[in-house]
Amino acid sequence: MTKTLPSTSRSLPIALIRAREGVMSPIRDMLSETDITEQQWRVLRVLAEFGRMDTKTLADRSCLLFPSLTRIAATLRDKGLVTQTRDDKDRRRQFIKITAQGQKIIDDRAAQAAEIVAGFKSTLGDEKYETLLDLLALLDPNAHD
């Protein structure tokens, strides 16, 4: 006899997808006034926070597959939002750095992004918000601080 599946209302994968849509909706609204995608925003955010980094690390921290990052980085480079350089010692290794123009996109939306986060904290409460992040990190095999 096989065990029945939980109700879709109590399915973790489905709940995470629904929650992602609830989280991303205001971010999409914020980005609608820019010419950048959610994925490009993530790349810029990571670079703004951590500075210049190699493409493998950037892909991991941006939660992107490496081939996707390659395409996104080329687009951001063409828009003047990042620079891309090769390692002097290992020419296969590339580094990406946010430009002043890329940083301006982050800076211009920092207050709006903070308001979005404040809305989530208002809905959940500060303690539950932090607990949720901690719990989700337990499920992330690549969690970083």
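This chain uses plain numbering: 1 for the first residue, then up along the sequence.
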A.B. asks: Counting neighbours of CZ on Arg77 that are heavy atoms of other residues, nucleotides or ligands and sit closer than 6.0 Å, is the number greater than 12?
C.D. replies: yes
A.B. asks: Tell me if a side-chain donor or acceptor on Thr34 pairs with a main-chain N or O of Met30 at a distance below 3.5 Å.
C.D. replies: no
A.B. asks: So Thr123 and Tyr129, do their side chains get closer than 4.5 Å, heavy atoms only?
C.D. replies: no
A.B. asks: Within this structure, what is the OG1-CZ distance for the pair Thr55 and Arg92, rounded to the nearest 0.5 Å?
C.D. replies: 11.5 Å
A.B. asks: Determine the minimum heavy-atom distance between Val82 and Ala73, stating which atoms define it.
C.D. replies: CG2-O, 3.8 Å
A.B. asks: Among the clusters formed by ILVMFWY side chains lying less than 4.5 Å apart, do Leu133 and Val46 turn up in the same one?
C.D. replies: yes
A.B. asks: For residues Asp78 and Thr75, is any side-chain donor paired with an opposing acceptor at under 3.5 Å?
C.D. replies: no
A.B. asks: Other residues, nucleotides and ligands only: do more than 12 of their heavy atoms fall within 6.0 Å of CG on Asp35?
C.D. replies: no
A.B. asks: Please check: side-chain N/O of Arg52 versus main-chain N/O of Ile96, any donor-acceptor pairing under 3.5 Å?
C.D. replies: no
A.B. asks: Find the distance between CZ (Arg71) and CG (Leu64) and round it off to the nearest 0.5 Å.
C.D. replies: 8.5 Å
A.B. asks: Using the rule side-chain contact (heavy atoms from CB on, under 4.5 Å), only one of Thr37, Ile36, Ile105 pairs with Leu31; which is it?
C.D. replies: Ile36
A.B. asks: Do the charged groups of Arg109 and Glu115 touch, with an N to O distance under 4.0 Å?
C.D. replies: no
A.B. asks: Is there side-chain contact between Lys79 and Gln40, with heavy atoms separated by less than 4.5 Å?
C.D. replies: yes
A.B. asks: So if you build clusters from Ile, Leu, Val, Met, Phe, Trp, Tyr with side-chain heavy-atom gaps below 4.5 Å, do Leu65 and Trp41 land together?
C.D. replies: no
A.B. asks: Using 0.5 Å steps for rounding, measure from the CG atom of Leu139 to the CG atom of Leu16.
C.D. replies: 7.5 Å
A.B. asks: Please round to the nearest 0.5 Å and tell me the distance separating atom CD1 of Ile27 and atom CD of Gln112.
C.D. replies: 10.5 Å
A.B. asks: Is there side-chain contact between Met53 and Arg61, with heavy atoms separated by less than 4.5 Å?
C.D. replies: yes
A.B. asks: Can you tell me if Thr8 uses its side chain to pair, donor with acceptor, with the backbone of Ser11 under 3.5 Å?
C.D. replies: no
A.B. asks: Is it true that a side-chain atom of Thr131 and a backbone atom of Glu127 form a donor plus acceptor pair closer than 3.5 Å?
C.D. replies: yes
A.B. asks: Let's go through Leu69 and Val43 carefully: what are the C-alpha distance in whole Å and the side-chain angles of both, what is the deciding distance for side-chain contact (heavy atoms from CB on, under 4.5 Å) to 0.1 Å, and is it a yes or a no?
C.D. replies: CA-CA 8 Å; Leu69 174 67; Val43 169; 3.8 Å; yes
A.B. asks: Are Leu47 and Leu58 side-chain neighbours, meaning at least one heavy-atom pair lies under 4.5 Å?
C.D. replies: yes
A.B. asks: With no hydrogens and no angle check, is any side-chain donor or acceptor of Ser25 less than 3.5 Å from a backbone partner on Glu21?
C.D. replies: no
A.B. asks: For the side chain of Ser7 and the backbone of Ser9, is there at least one donor-acceptor N/O pair under 3.5 Å apart?
C.D. replies: yes
A.B. asks: I'd like to know if the side chain of Lys56 and the backbone of Arg93 have a donor-acceptor N/O pair within less than 3.5 Å.
C.D. replies: no
A.B. asks: Flag the pair Glu38 and Arg20 as a salt bridge only when some basic side-chain nitrogen lies within less than 4.0 angstrom of an acidic carboxylate oxygen.
C.D. replies: yes
A.B. asks: Are Ile17 and Val23 connected in a single hydrophobic cluster, I mean Ile/Leu/Val/Met/Phe/Trp/Tyr linked by side-chain heavy atoms less than 4.5 Å apart?
C.D. replies: no
A.B. asks: Any sub-3.5 Å donor-acceptor pair from Gln103's side-chain atoms to Ala100's backbone N or O?
C.D. replies: no
A.B. asks: Should Thr57 and Phe50 count as side-chain neighbours, where that means a heavy-atom distance under 4.5 Å?
C.D. replies: no
A.B. asks: Are Arg86 and Phe95 in a cation-pi setup, meaning NZ or CZ lies under 6.0 angstrom from the ring centre and within 45 degrees of the ring axis?
C.D. replies: no
A.B. asks: How far does CZ of Phe120 sit from CG of Asp126, to the nearest 0.5 angstrom?
C.D. replies: 14.0 Å
A.B. asks: Work out which heavy atom in Arg42 is nearest to a heavy atom in Ser62; give both atom names and the distance.
C.D. replies: NE-O, 2.7 Å
A.B. asks: Nearest 0.5 angstrom please: Glu130 CD to Leu124 CG, how far?
C.D. replies: 10.5 Å
